**Student:** 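Pasting a structure here, questions to come.
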There are 2 protein chains.
Amino acid sequence: MGDFTGGDVFLADCPARLAVEIITDKWAVVTLYGLSRGPRRHGELLDLIGGISKKMLTQTLRRLTEHGLATRMAYAQVPQRVEYELTDLGKTLMKPIEMLTEWAELYGADVVAAQEASTAD
Amino acid sequence: MGDFTGGDVFLADCPARLAVEIITDKWAVVTLYGLSRGPRRHGELLDLIGGISKKMLTQTLRRLTEHGLATRMAYAQVPQRVEYELTDLGKTLMKPIEMLTEWAELYGADVVAAQEASTAD
DNA sequence: CTGGATCCTTCACGATACTG
DNA sequence: CAGTATCGTGAAGGATCCAG
């Protein structure tokens with residue numbers, strides 16, 4: 001996403017940009033989370049992740065697969081069965097994500113409080 | 001990720017959702033990063049973060065401020081001078097973000113490789 | 001210099017219907 | 001059940017001009 005003429009920070013084209021791209025994807029984190037406990041079928045994820053549409057889930061899963069974070073296994077059955085699973089690479093990403101959720105548990109209330117304080121001004 | 005015991009829906013309203021919202025914001029992470037080394041002026045950030053528009057930066061900074069992650073200090077000068085700085089709360093978020101950038105440094109190449117492999121199909 | 005207000009374009013996303 | 005295709009809407013985001 002970027003060629004920048006910026007300075008020394010991480011914005012130029014350092015690899016961190018990549019992580020941001022992956023994480024910034026609206027449904028990626030949630031989907032990864034849905035896969036964190038083992039293989040899941042498309043329909044299972046659909047239920048597990050409330051609020052995501054079939055289209056977005058498919059799209060997100062394909063992207064994760066293309067990035068080598070998940071695998072897609074289709075079983076030739078009727079009815080068709082497709083399972084997604086984290087790759088080893090994908091699993092390595094779960095640790096940073098867990099850090100994030102831990103942060104949210106620790107400081108989420110503070111953020112909400114700040115938000116309300118500024119809204120009620 | 002504490003709660004997500006069994007058949008729980010991750011998305012429902014667990015605190016992690018908040019972190020996802022903050023992080024998912026396209027420019028938030030980059031902006032936080034720009035502030036991680038100390039107070040920065042609006043214009044400085046604009047240069048530091050290549051590719052961001054003035055509008056988006058303002059908008060992102062306001063949201064960070066509302067969330068209690070940054071402070072805005074305006075000095076009554078001519079020309080006007082406004083500095084943004086991470087709050088203590090904001091600084092706590094930097095650790096998870098650093099985890100992410102570390103991940104990117106470690107595994108970014110793998111992701112790119114996977115991406116190219118799948119694109120070249 | 002900072003940042004608000006418009007305008008305008010693009011696209012992300014959901015809903016729906018259809019294929020295998 | 002899994003995935004694709006199409007369409008429509010609303011939001012995101014850039015460019016530009018204006019104000020303090």
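Predicted model only: the values in this text are computed from it and were never measured. So that the names make sense, note that chain A is the first sequence line, chain B the second, and so on, each numbered from 1.
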**Student:** Quickly work out the A:L46 CG to D:dG3 P distance and round it to whole Å.
**Tutor:**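 In whole Å, D:dG3 P lies 11 Å from A:L46 CG.
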**Student:** Identify the two heavy atoms, one from B:T87 and one from B:G68, that lie closest to each other, and give their separation to 0.1 Å.
**Tutor:**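 In this case the closest contact between B:T87 and B:G68 is OG1-O, 2.6 Å.
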**Student:** Quick one: the side chain of B:Q80 and the base of D:dG20, do they pair up donor-acceptor inside 3.5 Å?
**Tutor:**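 Counting by modelled atom types and ignoring angles, a donor-acceptor contact under 3.5 Å is found here.
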**Student:** Quick one: is B:R72 getting a side-chain N or O under 4.0 Å of the C:dG3 phosphate, OP1 or OP2?
**Tutor:**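 Result: yes.
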**Student:** When the distance from CD of B:E83 to C1' of C:dT2 is rounded to whole Å, what number comes out?
**Tutor:**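 Result: 13 Å.
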**Student:** Please give me the minimum heavy-atom distance between A:L69 and A:L93, naming the atom from each residue.
**Tutor:**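 The pair with the smallest heavy-atom distance is CD1-CD2, 4.1 Å.
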**Student:** Search all heavy atoms of A:L35 against all heavy atoms of A:A70 and return the closest pair with its distance.
**Tutor:**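 Distance-wise, the nearest heavy atoms are CD1-CB, 4.3 Å.
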**Student:** Could you tell me the separation between the OH atom of A:Y75 and the C1' atom of D:dG3, rounded to a whole number of Å?
**Tutor:**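 Roughly 18 Å, once rounded to whole Å.
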**Student:** Angle between the two end axes of the helix from C:dC1-D:dG20 to C:dG20-D:dC1, five base pairs per end, rounded to 10 degrees?
**Tutor:**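 One end's axis against the other's: 40°.
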**Student:** Output one line per pair: protein atom, nucleotide atom from nucleotides 5-12 of chain C, and distance, for all N/O pairs under 3.5 Å.
**Tutor:**
none

**Student:** Find the distance A:I49:CD1 to C:dC13:P and express it as a whole number of Å.
**Tutor:**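 Those two atoms, CD1 and P, are 14 Å apart.
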**Student:** The side chain of A:T58 lies closest to which of these nucleotides: D:dG3, D:dG14, C:dG3?
**Tutor:**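 The closest nucleotide is D:dG3.
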**Student:** Starting at atom CG of A:L57, determine the distance to atom P of D:dA2, rounded to an integer number of angstrom.
**Tutor:**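 Result: 9 Å.
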**Student:** How many whole angstroms separate atom CH2 of A:W27 from atom C1' of C:dC13?
**Tutor:**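 Atom-to-atom, A:W27 to C:dC13, this comes out as 10 Å.
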**Student:** So, do A:T24 and B:V29 sit near enough that their side-chain heavy atoms are less than 4.5 Å apart?
**Tutor:**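 No, too far: nothing below the 4.5 Å cut-off.
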**Student:** Nearest to the side chain of A:H42, which nucleotide is it out of C:dG3, D:dG14, D:dG3?
**Tutor:**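 Looking only at side-chain atoms, A:H42 lies closest to D:dG3.
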**Student:** Could you check how far CE of B:M73 sits from P of C:dG3, rounded to whole Å?
**Tutor:**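 About 12 Å, once rounded to whole Å.
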**Student:** A:Y84 near the nucleic acid: base, sugar-phosphate alone, or nothing, with a heavy-atom cut-off under 4.0 Å?
**Tutor:**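 Here A:Y84 touches the backbone only, sparing every base.
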**Student:** Check the phosphate of D:dG3 against A:R62, side-chain N and O only, distance under 4.0 Å to OP1 or OP2. Yes or no?
**Tutor:**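 No, outside the criterion.
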**Student:** Tell me whether the side-chain N/O atoms of B:R41 come closer than 4.0 Å to OP1 or OP2 in C:dT2.
**Tutor:**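 Yes, within the criterion.
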**Student:** Could you report the tightest heavy-atom contact between A:M56 and A:I52, atom names first, then the distance?
**Tutor:**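 The answer is CB-CG1, 3.8 Å.
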**Student:** Which heavy-atom pair separates B:L57 from B:H42 by the least distance, and what is that distance?
**Tutor:**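 That closest heavy-atom pairing would be CD2-O, 3.4 Å.
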**Student:** Looking only at non-hydrogen atoms, find the nearest pair between A:M94 and A:S36 and report the distance.
**Tutor:**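 Looking at all heavy atoms of both residues, the closest pair is CE-CB, 3.5 Å.
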**Student:** Taking the nucleotide of DNA chain D with the closest heavy atom to each, which residue, A:G43 or B:D25, is nearer the 5' end?
**Tutor:**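 It is A:G43 whose nearest nucleotide is closer to the 5' end.
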**Student:** Establish, from distance only, whether the side-chain atoms of A:R40 and A:Y84 form a donor-acceptor pair under 3.5 Å.
**Tutor:**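 Their side chains do not contain a donor-acceptor pair, so the 3.5 Å distance test is not met.
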**Student:** Rounded to the nearest angstrom, tell me the gap between atom CZ in B:R81 and atom P in C:dG3.
**Tutor:**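 Checked: the CZ to P distance equals 13 Å.
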**Student:** Could you tell me the separation between the CZ atom of B:R37 and the CG atom of B:L48, rounded to the nearest 0.5 Å?
**Tutor:**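 With rounding to 0.5 Å, CZ (B:R37) is 8.5 Å from CG (B:L48).
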**Student:** Roughly how far, to the nearest 0.5 Å, is the CD atom of A:E83 from the OH atom of A:Y75?
**Tutor:**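 A:Y75 OH to A:E83 CD: 4.5 Å, rounded to 0.5 Å.
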